[in-house]
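Below: the structure, in structure tokens.
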Amino acid sequence: MAFDLDSLNDRQREAVLATEGAVLVLAGAGSGKTRVITSRIAHLMRNRKVPPEQILAVTFTNKAANEMAQRVKVMAPGSGNGSAGRPLICTFHALGVRMLRRTIQHLGYRPNFVIYDDQDQLQLVRGLMEDGVFESDWMQPKDALFALQAARGQGLAAADLLRDEHEPDRRLGRLLAAYEDTLRRMNAVDFEDLLRLPLRLCREHPVPAREFLGQFRYLLVDEYQDTNHTQYDLVREIARPHGNVCVVGDDDQSIYRWRGAEPENIKKFERDFAGVHTVHLEQNYRSTDIILKAANQVITHNADRKPKRLWGRQGEGAPLEWLEADSERQELEAVVNHLRSLRLRRDAKLSDFAILYRSNHQSRGIEELLREEGIPYNLVGGTRFYDRREVKDALAYLKVIANPDDEVSLFRIVNFPRRGIGRTSQTKLADVAAHQGRPALQIMAEAGRYADFAGATGQSMQHFAELVTRYRRRFAEGPLGATFRELLAEVGFHRALEKEKTDAKSREKTVGLIYELEQATDHFGRTREEPSLKSYLEHIALFAMPQDTDERDKPLVTLMTVHGAKGLEFPYVYVIGMADEVFPNKRALDEGQEEEERRLAYVAITRARRALVFSMARARKRYGETLRQRPSRFLLEIDPALFAGPAPGAAGAAHPGHQEQKTKEARERFFENVRKLRETGQGGPG
DNA sequence: GACAGAAGAGTTTTT
DNA sequence: CTCTTCTGTC
């Protein structure tokens, strides 16, 4: 869309024109949020003549960043006062890496640092907990890592926890201290470090920090409700000198609390920044009135939210639909039949349809059925390419070569493919390294000197160390892709994988995976300006997305979780498995997260443009036993009159005779809810 | 070090 | 029930 202030609505224009000072844009679902952000950037450049390189827009996903950059390019081609620069549009983490690339040595790291992902982190925590300082029955490493992440995400340091009066917290503090020390020793950073270290730099080394951040005089933050504590502090640091900061978010779409997002940052923003100019975007350009009504009715049941109400001009549209069946199989068959007939009736493309669900495992049944029925689909989510064990193993070689101090990666591959360095030798190696305070790879290089590593094992260790050194040189000189291929061939990577897979199918798949990786590496080496090993690894850590080549143009039905659907829209949306304790999820309810689940339902509903269908099976098999299911509590919050035919809770399909009676009951329950809300001063659904 | 059988877990996920 | 991870044996 071209840049045109006149085509914006009043509120949108207000958000675009308020370029100076602190601006909070509360953007409801489908209210043209991205359009506002990109128009704002275009306006700054074209009308206010701000040099592009002074503009910084941060997002949470690369996808959002790319999309935004693309749209800015279209809106403001070659503008920016004749200068050739472009605004920086990237994720928080990419910004952090950019900053650390030039400054990390101030914080005691070397510039060849590597980035640890979740698996690396977990491996590290496992190692620390096995070292015996922590009782084995204390916590699962997974839970410990989670607790540790939560603490760090809140900006806490090990010292803060060590000071705590509760012993469990102090113990966590000891683990955190060990974790952070080890990371530093291995010259590795985790994702949270990509935010925390820049912040620390601002506080401890303001001169180099300003040198980098000082260039940005206009800051924009997308999906602001998803920021965590550290990100909030970082936003404050960046905006401090000029105060020109515009944050765009929606507290009703905050669905990432469980991983540290603090939607309270919206309130904090209003408190901490002077003279905040708040703009509400409530006009929805996406959905029909019935869909918006349903969304409003559900979300109004949340107590702690900024009051707002979506409205649209798309007309009333088709009523909601409710499919209820006896079994999961029948539920999904009903969905597929419905999809087929809707497609014919509306002459729609398969890519106009999305089937959403609460959790990933629910995709299995629908996938099976779609395959049987010959309906092509695109499953989004699941295990990502770069998370596959085989791919991670291959990349671990590169990580060790880039940074020989990375011992998590080192131990991952030290005996894969097999080279006779078994568990016992590895433990000894780790002990010697810890005892001497020297990197394990160095010990390996000198293995001959140690009685422990006499014979074949020592030889093998020296050989491995030599391989790493040799390839470090080769990667520095030779082409990335070819060198990588030679490396894998030399260590016998393919052979080892083939040996390990017994059936032909998985063998084929694995080999294909590694081939794909080699291709991708080669492509990077050929097309990048800086095709170094270091930048390749950085690229993988930061930008490697679920091999998402945007398949939305292809004729495929989209299958994904509601989380995955955030930010997207589809003409026709099915939300399957709408049973209570499935959606809302049982475990989330147990943890008191009903409101977050409701926001998730709100996100699901607001994805639909023209038609919205919910479905449920009355019985579900769980771990062998059969459970009876009731409709999701969220569906009972929707006025039954918005549904075509029987509404959820009416149980119409099973007992046609009682249908009218049950519908009446559902209606009464609905207005009962409305009354309750009025009494508590929340305002009722409309 | 390979393999079989037991035991345990079983939301959401980007960077 | 099903998939993953751990444990113990040869």
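Here is how names work: the chains are called A, B, and so on, in the same order as the sequence lines, proteins then strands, and each is numbered from 1.
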Go through [options] for me and flag the one nearest to the [X] side chain.
X: A:T561; options: B:dT13, B:dG1, B:dT11; answer: B:dT13
X: A:R587; options: B:dT13, B:dT15, B:dT11; answer: B:dT11
X: A:H93; options: C:dT2, B:dT15, B:dT11; answer: B:dT15
X: A:R418; options: B:dA2, B:dT15, C:dT2; answer: B:dA2
X: A:R259; options: B:dT11, B:dT13, C:dT2; answer: B:dT13
X: A:T61; options: C:dC3, B:dT14, B:dT12; answer: B:dT14

Quick one: label [X] by what it contacts on the DNA or RNA (base, sugar-phosphate, nothing), any heavy atom closer than 4.0 Å.
X: A:N415; answer: sugar-phosphate
X: A:R358; answer: base
X: A:E591; answer: base
X: A:D118; answer: base

Roughly how many Å is it from [atom1] in [X] to [atom2] in [N], rounded to a whole number?
X: A:R389; N: C:dT5; atom1: CZ; atom2: P; value: 11 Å
X: A:R257; N: B:dT13; atom1: CZ; atom2: P; value: 19 Å
X: A:Q119; N: C:dT4; atom1: CD; atom2: P; value: 13 Å
X: A:Q593; N: B:dT13; atom1: CD; atom2: P; value: 16 Å
X: A:D226; N: B:dT14; atom1: CG; atom2: C1'; value: 10 Å
X: A:Q121; N: B:dT15; atom1: CD; atom2: C1'; value: 10 Å
X: A:E538; N: B:dT15; atom1: CD; atom2: P; value: 15 Å
X: A:N585; N: B:dT11; atom1: CG; atom2: P; value: 7 Å

Separation of the [atom1] atoms in [N] and [M], to the nearest angstrom:
N: C:dC3; M: B:dT14; atom1: C1'; answer: 25 Å
N: B:dT11; M: C:dT4; atom1: P; answer: 14 Å
N: B:dT12; M: C:dT5; atom1: C1'; answer: 23 Å

Taking 4.0 angstrom as the limit, do A:D252 and A:R305 come out as a salt bridge?
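Result for this pair is yes, salt bridge flagged.
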Establish, yes or no, whether the cationic atom of A:R184 lies under 6.0 Å from the six-membered ring centre of A:F113 and within 45° of the ring axis.
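A:R184 over A:F113 ring: no.
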Could you tell me whether A:R599 sits above the aromatic face of A:Y602, with NZ or CZ closer than 6.0 angstrom to the six-membered ring centre and within 45 degrees of the axis?
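Judged by the rule (NZ or CZ under 6.0 Å from the ring centre, within 45° of its axis), A:R599 is not positioned above A:Y602.
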Have a look at A:D590 and tell me which of A:K586, A:Q593, A:R587 forms a side chain to side chain donor-acceptor pair (under 3.5 Å) with it.
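Testing each of A:K586, A:Q593, A:R587 against A:D590, the sole residue satisfying side chain to side chain donor-acceptor pair (under 3.5 Å) is A:K586.
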Do any side-chain nitrogens or oxygens of A:N62 fall under 4.0 Å of OP1 or OP2 in B:dT15?
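The answer is yes; a side-chain N or O of A:N62 sits under 4.0 Å from OP1 or OP2.
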Is there a side-chain polar atom (N or O) of A:N228 under 4.0 Å from OP1 or OP2 of B:dT15?
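A:N228 to B:dT15 OP1/OP2: no side-chain N or O under 4.0 Å.
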Using heavy atoms to find the nearest nucleotide of DNA chain B for A:F146 and A:E192 separately, return the residue whose nucleotide is more 5′.
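The answer here is A:F146.
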More 5' along DNA chain B: A:R423 or A:E596, using each one's nearest nucleotide?
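Nearest-nucleotide comparison on DNA chain B picks A:R423.
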Sort out for me which residue in A:V189, A:D190, A:V408 forms a side-chain contact (heavy atoms from CB on, under 4.5 Å) with A:L183.
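Of the listed residues A:V189, A:D190, A:V408, the side-chain contact (heavy atoms from CB on, under 4.5 Å) partner of A:L183 is A:D190.
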Can you find a pair of side-chain heavy atoms, one from A:M560 and one from A:L568, that are under 4.5 Å apart?
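Contact flag for A:M560/A:L568 side chains = yes.
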Ring stacking, A:F60 with base of B:dT14, under 5.5 Å and under 30°?
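No; by the centre-distance and plane-angle rule, A:F60 does not count as stacking on B:dT14.
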